[in-house]
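If you're wondering where the values come from, they're calculated on a predicted model, not measured in any experiment. Chain A is the first sequence line, chain B the second, and so forth, proteins listed ahead of strands; every chain is numbered from 1. Scope of the values below: all heavy atoms of this structure, side chains included, with no hydrogens, waters or symmetry mates.
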There are 2 protein chains.
Amino acid sequence: MATDKIGLAEEAVRSTGARMTRPRVMVLAVLFAAERALTHAEVEARLPRAAEVDRVTVYRVLEWLVDNHLAHKIAGDDRVRRFNAASHAHAGPHAHFQCSDCGEVICLEEAGAKPAVKLPVGYKQQQVELTIKGLCAGCVPASKPRTVARHHH
Amino acid sequence: MATDKIGLAEEAVRSTGARMTRPRVMVLAVLFAAERALTHAEVEARLPRAAEVDRVTVYRVLEWLVDNHLAHKIAGDDRVRRFNAASHAHAGPHAHFQCSDCGEVICLEEAGAKPAVKLPVGYKQQQVELTIKGLCAGCVPASKPRTVARHHH
DNA sequence: GCCATTAGTGCAATTGTGTTGCAATATTCG
DNA sequence: CGAATATTGCAACACAATTGCACTAATGGC
Ligand SMILES: [Mn+2]
Ligand SMILES: [Mn+2]
Ligand SMILES: [Zn+2]
Ligand SMILES: [Zn+2]
């Protein structure tokens, strides 16, 4: 499943200078192999049975990956955090899409520059986040009879 | 506290055509009187003692206000939802600021147009959200000795 | 104004995601 | 190898939000 990403993950973890542990490598490999942002539960589900990583450890590893710039975290409307490997494709700042039905999150390429906004005096800007909300392909009500089953919920 | 807003709130609730109830009026009045987006807990705390609205009802009323376009909901990084009355000032789409320390959310005027983004085929855009993250005036580490106590947490 | 209809509410229990404390384990470095 | 200590596993916890259901009250017709 994420087997071919393990080498990459090991290298990435080693590059931080911190200890290289199985949970860190396996979780990052799962993120590398993912086509979209994953929730904690999804990461856990995608870990190979043999990996056996504790729930709490997965939480801590995900946090650690974000702190070490190996992943980024997206806070969704549904109170669930989703994580993406910080790959080359999405190295810089970029926009996100979130499905308002199933919660799916994907990274987007950004066309123009982000608009400037004026903050009240004393406020300090750190980061600008642009999120498109809408329906993913799986959640758009089909005009023609549906062939695929609705994914989650 | 929110006494002078009650009339406005009554009118707004009535305008939806749905039943006018004390919880709806009181909660909306609290939002009208607020200078920033409020969490459920903050709304509850600002309701006059005499109002006596159940916790769950406050949740349901807030949701109802959003569905009826009398308020809008902002999902923060801290997994807490915040609500703002949909006043004239912030009738249209606008950006938000969220403090990454205390979680405070305020509405912002937007300067330029929102940048266009291209969605994958089959995806449908509903809404664009722009959020500035940073530190609010109360949370910016003071260069000069602090006089005001750190607000919340 | 009274009453029937039913939308809205209160209360208790429950869910779901994420956190904390602490003892046990495993990585790294000399 | 063995010490130092970063990381993990486990259990308990925190807390916003949701659900089920019986009870209450707003509304509209009479
Ligand atoms: Mn991303
Ligand atoms: Mn707003
Ligand atoms: Zn979807
Ligand atoms: Zn703040």
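For the atom pair Leu65(B) CG and Arg24(B) CZ, the distance stands at 8.0 Å (nearest 0.5 Å). In this structure, CD in Gln98(B) is found 8.5 Å from CD1 in Ile74(B), a value given to the nearest 0.5 Å. Distance CD1/Ile106(B) to OH/Tyr123(A): 4.0 Å, rounded to 0.5 Å. Expressed to the nearest 0.5 Å, how far OG1 of Thr16(A) lies from CD of Glu11(A) amounts to 12.0 Å.
Arg55(A) and Glu44(A) are not joined by a salt bridge, as no carboxylate oxygen comes within less than 4.0 angstrom of a charged side-chain nitrogen. For Lys118(B) and Glu109(A), the salt-bridge test fails: no basic side-chain N is under 4.0 Å from an acidic carboxylate O. Look at Glu42(A) and Arg36(A) and you find a salt bridge, because one of the NZ, NE, NH1 or NH2 atoms lies within 4.0 Å of a carboxylate O, short of that distance. A salt bridge links Lys73(B) to Glu63(B): one of the charged nitrogens lies within less than 4.0 Å of a carboxylate oxygen.
Under the 30°/60° scheme for interplanar angles, the aromatic rings of His94(A) and His72(A) are found to stand perpendicular.
Looking at which nucleotide of DNA chain C each of Arg24(B) and Arg79(B) is closest to, the 5′-most match is held by Arg24(B). Both Val61(A) and His40(B) lie close to DNA chain D; mapped to their nearest nucleotides by heavy-atom distance, the more 5′-ward contact belongs to Val61(A).
Between Tyr59(A) atom OH and dA14(D) atom C1' there is a gap of 13 Å when expressed in whole angstrom units. Whole-Å rounding puts the Leu62(A) CG to dT19(C) P distance at 11 Å. Whole-Å rounding puts the Leu38(B) CG to dA16(D) P distance at 15 Å. In this structure, CG of Asp67(A) is placed 16 Å from P of dA6(D), rounded to the nearest angstrom. Atom CD in Glu42(A) sits about 11 Å away from atom P in dG18(C), given to the nearest Å. As rounded to whole Å, 14 Å separates atom P of dG16(C) from atom CD of Glu44(A). Spacing between atom CH2 of Trp64(A) and atom C1' of dG18(C) amounts to 20 Å, rounded to whole angstrom units. When the P atom of dT19(C) is taken as reference, atom CD of Glu63(A) falls 6 Å away, rounded to whole Å.
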Scan nucleotides 26-30 of chain C against the protein and return all N/O pairs shorter than 3.5 Å with their distances rounded to 0.1 Å.
{"residue": "dT27(C)", "atom": "O2", "partner": "Arg19(A)", "partner atom": "NH1", "Å": "3.1"}
{"residue": "dT27(C)", "atom": "O2", "partner": "Arg19(A)", "partner atom": "NH2", "Å": "3.1"}
{"residue": "dT28(C)", "atom": "OP1", "partner": "Met20(A)", "partner atom": "N", "Å": "2.9"}

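Across all strands shown, Arg60(B) has heavy atoms under 4.0 Å from base atoms, whether or not it also approaches the sugar-phosphate.
Heavy-atom distances under 4.0 Å link DNA chain D to Arg55(B), Val56(B) of residues 49-57 of chain B, given in residue order.
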